[in-house]
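Reading through the structure tokens given below for one structure.
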Amino acid sequence: MDSSSTTRTTSSLAAHSHIAREFSSRFGHSPDILVSSPGRINLIGEHTDYNLGFVLPAAIDKYIHIAIRKRKDKELHFFAADFASSYTGKLGNWEKSSLQWPDFLLGVLKEFDEHGVELFGMDLCFGGDIPSGAGLSSSAAIECGLAQAINELKQLNWPKIELVQLAQAAENRFVGVQCGIMDQFASMFGMKDKAILLDCRNLKYEYIPLALDQYAILLLDSQVKHSLASSEYNVRREQCEMGVKALRKVYPHVNSLRDANRAMIEYTLKDQVPDLVYHRCKYVVEENLRLQVGCEALRRNDLVSFGKKMFASHVGLSKLYEVSCPELDYLVELARLEHSIIGSRMMGGGFGGCTINLIRKPFINEVVERITTAYEQKFAKTPTPIICQLSNGTATVSS
Ligand code: GLA
């Protein structure tokens, strides 16, 4: 198998000019602005963002490109090039669409509207190579891309962090997923060859260079769409809040699981809440610690120790937080059998999507072949391998 058949690579340049062309053939004129916005991976620190803990995401070289032209009226004409699907609406008619994909765009526009930004109608076309439902945050990329485009077209000069917060609010309030800030932050603040260590309590961040050398980041898309994720996601969030409420009775300074430590979980929380809530909270506290130790390993260029933390993170996500699924568990189990994979875990919200693996480059093809064969035999589905590079964040390509 040659590397082109084991990896999904698209020239981003070709891809964004493709969207510009799609725009012109659909709407009969050229766009005013073209923005590219990346998907993200997360190395470690899962389901910690909304618990105000730490995350370690990075933007990747898979993008959503958005082309927009202002209209003189208040109409909204959206075209999703990858699904050949269109939506027509009007500014101010903020109703969710049965098509779902327009909601990410409408949510962002509604947020700007509520901030008093006077919007224009628009023709908009988007598409790209972030597989949807794979846990690579194509929705955050769409939201950040549109936020960036409006910021430029209206010359608002909002700082990036405010665009991130607006995009997250769109997802929370309009789309209805109570997600944390990680995906939008990573999409907007991504930096080539660097991971972002983000403290979700105060939004302070630090770029950590990822010296991969002989290793590569291999994503294995389980081909299970994470459709359950949004409702279960909100349930996890509520369970964490129950834990915080119980802890606060004894430790009034605990405002989030970030303020909790292992002793509080084992000696105070355990006896006060149902086992399920105890397990959820235990996972979050442990994941924050794993991330911090893992980052120390990265700073020493000790990828092997970091990889062990990834495996441990998966056990927690699967057994305590219960956001994995048989397919993801099996992909990690298969990865454990491979000497050339030094770390593997499910990534993102869970219930499907990808595993993230740190693998020695020369072995990628043979390992992918072995894992694919075993996975196909068990689930009659073929996992898609994706090699990704860490990339820069949302940017205007032309205006
Ligand atoms: C989804 C959410 C993020 C984060 C992850 C889990 O991707 O959008 O905010 O909570 O799940 O780490």
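Because only heavy atoms are used, hydrogens play no part in the values below, and waters and symmetry mates are left out as well, while side chains stay in. Counting starts at 1 for both ligands and their atoms, following the listed order.
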Identify, with sequence neighbours excluded, every residue that meets salt bridge (Lys or Arg N to Asp or Glu O under 4.0 Å) alongside Lys308.
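Lys308 satisfies salt bridge (Lys or Arg N to Asp or Glu O under 4.0 Å) with no other residue.
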
Between Thr382 and Gln223, is any side-chain donor less than 3.5 angstrom from a side-chain acceptor?
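No, no side-chain donor-acceptor contact under 3.5 Å.
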
Could you check Tyr283, Phe351, Tyr233 and say which one makes a ring pair (Phe, Tyr, Trp, His ring centres under 6.0 Å) with His47?
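Looking at Tyr283, Phe351, Tyr233, the match for His47 under the ring pair (Phe, Tyr, Trp, His ring centres under 6.0 Å) is Tyr233.
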
Within the supplied structure, the quantity of interest is the number of heavy atoms (other residues, nucleotides, ligands) at a distance under 6.0 Å from Lys270 NZ; does it exceed 12?
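No, NZ of Lys270 has 12 or fewer neighbouring heavy atoms, counting only those of other groups under 6.0 Å.
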
Would you check if Met182 and Cys200 make a side-chain contact, meaning some heavy-atom pair closer than 4.5 Å?
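Result no, sub-4.5 Å side-chain heavy-atom pair not found.
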
Near ligand 1, at a heavy-atom separation below 4.0 Å: residues by chain and residue number:
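Contacting ligand 1 under 4.0 Å are Arg40, Glu46, His47, Asp49, Tyr50, Cys179, Gly180, Met182, Asp183, Tyr233, Gly348, Gly349.
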
Side chain Lys194, main chain Leu390, donor-acceptor under 3.5 Å:
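Answer holds: no.
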
